Number of protein chains: 2
Amino acid sequence: MSRTVPIGTVSRETGIKVPTIRYYEEVGLLPSPVRTDSNRRSYDAAAVQRLRFIRHARELGFEVEAIRQLLTLSDQPDRSCAEVDVIARSHLAEIDEKIARLTALRSEVQRMVDEGAHGRVAECRVIEVLGDHATCLHETH
Amino acid sequence: MSRTVPIGTVSRETGIKVPTIRYYEEVGLLPSPVRTDSNRRSYDAAAVQRLRFIRHARELGFEVEAIRQLLTLSDQPDRSCAEVDVIARSHLAEIDEKIARLTALRSEVQRMVDEGAHGRVAECRVIEVLGDHATCLHETH
DNA sequence: CCTACATGCTCTAGCGACTAGAGGATCAAG
DNA sequence: CTTGATCCTCTAGTCGCTAGAGCATGTAGG
């Protein structure tokens, strides 16, 4: 029927390393593919698509568990949409928090660089700055 | 001379868990403190300050290795400022990249939520969206 | 003074999400 | 037919912790 390809090709096409693909299979993100006579994994287009999805989701910060949930839901697309929405929304909140923290960090480090930059002073401010001031982030987690 | 306190107190004061403090000692972020007669760690104010620095730096996304560098430099504050500056600047670049990726992610997931939200369609778009579109981030790392 | 119980110690093992390497089989090209 | 790339399984390592076992101390109440 449709062409199937070996794991190295899939790796090249998806940008996911070979051992990582095997790892995804092991932890149940990717169904075990058919094997050739000589026991080699052989993937079809659907598997490649699924891996592409996994890759993007990982790149975008989803944890493997969240991806597993999304994939499970999408595999049985009935009572799914609402649940997917919940997962996506909670992830959205996470993202917003990460961005907020990183933005705070940015200005903190920027200040370090700015203040440290005029170079003369024997004692650099960096440690003080991080030791004393970064209190604004204390209860953010 | 100055009062020294046990590890539990330090933990409470810094918000770092006891095993984590011992871990930081093990990996060389924190010098081994003096011990009491009964072999218990006893920390002075400097150690607490150093731990506070470590905590903030970790919270702000510095890796342990970067923190080690910063602390090493600040321990010998001569030829240090320029180097600290280099480290801080390279971290600044990292942060900017992270923020950029997360912002892209945010709109991606937002779109997922928006498009998925009108609920009727039996087949949710989420997987497609992540599988096909997120290509904008491909070569960013 | 004795008993609880909290706190400390060391040591080992586990987590997530990979990554690297050993040691061996198989394939495709020259 | 040999070379080199690719594949297989398996084990162990990475980072930054975290949890637990099993034991030794410290502190407070009765």
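Everything quoted here is computed from the prediction, not taken from an experiment. Just so we're on the same page: letters track the sequence lines, and every chain starts at 1.
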(request) Could you state the atom-to-atom distance from CD of A:Glu65 to C1' of C:dG16 in whole Å? (result) 11 Å
(request) May I ask you to verify if any side-chain N or O of A:Tyr24 is less than 4.0 angstrom from the OP1 or OP2 atom of C:dC18? (result) yes
(message) List the residues meeting salt bridge (Lys or Arg N to Asp or Glu O under 4.0 Å) with A:Arg68, not counting sequence neighbours, and say none if there are none.
(response) A:Glu65
(message) How many whole angstroms separate atom CG of B:Asn39 from atom C1' of C:dT10?
(response) 9 Å
(request) Please name all residues satisfying side-chain contact (heavy atoms from CB on, under 4.5 Å) with B:Val18, sequence neighbours left out, ordered by chain then number. (result) B:Ile7, B:Ser11, B:Arg22
Atom pairs, protein N/O to nucleotides 24-28 of chain C N/O, distance under 3.5 Å:
unit_1: C:dT26; atom_1: O2; unit_2: A:Arg40; atom_2: NH2; d: 3.3
unit_1: C:dC27; atom_1: OP1; unit_2: A:Ser38; atom_2: OG; d: 2.7

(request) Report the residues that fulfil side-chain hydrogen bond (donor to acceptor under 3.5 Å, both in side chains) with A:Thr9, sequence neighbours left out, ordered by chain and then residue number. (result) none
(request) Give the minimum heavy-atom separation between A:Ile54 and A:Leu71, together with the two atoms involved. (result) CG1-CD1, 4.0 Å
(request) Check every nucleotide of DNA chain D for an atom under 4.0 Å from a heavy-atom of chain B, then give the first and the last such nucleotide from 5' to 3'. (result) D:dG16 to D:dG26
(request) Give the minimum heavy-atom separation between A:Pro33 and A:Tyr43, together with the two atoms involved. (result) CG-CE2, 3.4 Å
(request) Using the test side-chain hydrogen bond (donor to acceptor under 3.5 Å, both in side chains), find all partners of B:Thr36 that sit at least two apart in sequence or belong to another chain. (result) B:Ser38
(message) Tell me which residues in residues 27-34 of chain B lie within less than 4.0 Å of DNA chain C, going by non-hydrogen atoms.
(response) none
(message) Using a 6.0 Å cut-off, check whether atom CD of B:Glu13 has over 12 heavy atoms from anything other than its own residue.
(response) yes
(request) Please name all residues satisfying salt bridge (Lys or Arg N to Asp or Glu O under 4.0 Å) with A:Glu25, sequence neighbours left out, ordered by chain then number. (result) A:Arg41
Close N/O contacts between protein and nucleotides 19-22 of chain C (under 3.5 Å):
unit_1: C:dT19; atom_1: OP2; unit_2: A:Thr20; atom_2: OG1; d: 3.0

